[in-house]
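FYI, the numbering just counts along the sequence from 1.
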Amino acid sequence: HAKAHIVAIDIFTGKKYEDLCPTSHNVEVPIVKRTEYQLLNADPDTGEVSLLLENGETKEDLNLPTFVKIGEPTDDDVKVVADIMNFFEAGKTTIVAVIS
């Protein structure tokens, strides 16, 4: 019987996963939503960010990636925050992608 070898990387932790499934079986697929926002403000001390929605309102319920409630931030999280803050502090228009 044919088998499918599936390799994926967790978008939240960066951990690599592998699975071997019969092609006759159904496989669950996650639904991932990616939304881009313009960054209005970012506080590196508190982690709070203010984002501009398409309708002109602000979204203020997110934090910089290094401010996590569970676990520790990854090296990629630290690099992303450094990039965000460098662009923001240089006065450049900064677009951030939020994956949920």
Does Asn26 have more than 12 heavy atoms from other residues, nucleotides or ligands lying within 6.0 Å of its CG?
no

Can you establish whether the number of heavy atoms outside Phe87 located under 6.0 Å from its atom CZ is more than 12?
no

Applying salt bridge (Lys or Arg N to Asp or Glu O under 4.0 Å) to Lys3 and not counting sequence neighbours gives none

Following the transitive rule for hydrophobic clusters with a side-chain heavy-atom cut-off under 4.5 Å over Ile, Leu, Val, Met, Phe, Trp and Tyr, establish whether Val49 and Leu53 coincide in one cluster.
yes

Sorted by first residue and then second, give each side-chain hydrogen bond (donor to acceptor under 3.5 Å, both in side chains) pair with at least one member in residues 30-41; sequence neighbours left out.
Arg34-Glu36

Pairs in or reaching into residues 63-82: which pass salt bridge (Lys or Arg N to Asp or Glu O under 4.0 Å), with residues at least two apart or in two chains?
Lys79-Asp83

Contacts satisfying salt bridge (Lys or Arg N to Asp or Glu O under 4.0 Å) that involve residues 7-19 (not counting sequence neighbours) are none

What pairs of donor and acceptor atoms, side-chain ones from residues 91-100 against any protein atom, are under 3.5 angstrom apart with sequence neighbours left out?
| residue | atom | partner | partner atom | Å |
| --- | --- | --- | --- | --- |
| Thr94 | OG1 | Lys92 | O | 3.0 |

Under 3.5 Å, side-chain donor or acceptor atoms of residues 56-65 against the rest of the protein: list the pairs with distances, not counting sequence neighbours.
| residue | atom | partner | partner atom | Å |
| --- | --- | --- | --- | --- |
| Lys59 | NZ | Asp61 | OD1 | 3.0 |
| Lys59 | NZ | Asp61 | OD2 | 3.4 |
| Glu60 | OE2 | Ser50 | OG | 3.2 |

Ile84 and Leu39: CA distance, side-chain angles, deciding distance, side chain to side chain contact (heavy atoms under 4.5 Å, CB included) verdict:
CA-CA 9 Å; Ile84 289 171; Leu39 181 68; 3.6 Å; yes

So which atom in Gly14 and which in Ile9 form the shortest heavy-atom distance, rounded to 0.1 Å?
O-CG2, 3.5 Å

Minimal non-hydrogen separation, Ala42 against Pro44, with atom names
O-CD, 3.6 Å

Can you find a pair of side-chain heavy atoms, one from Thr46 and one from Asp43, that are under 4.5 Å apart?
yes

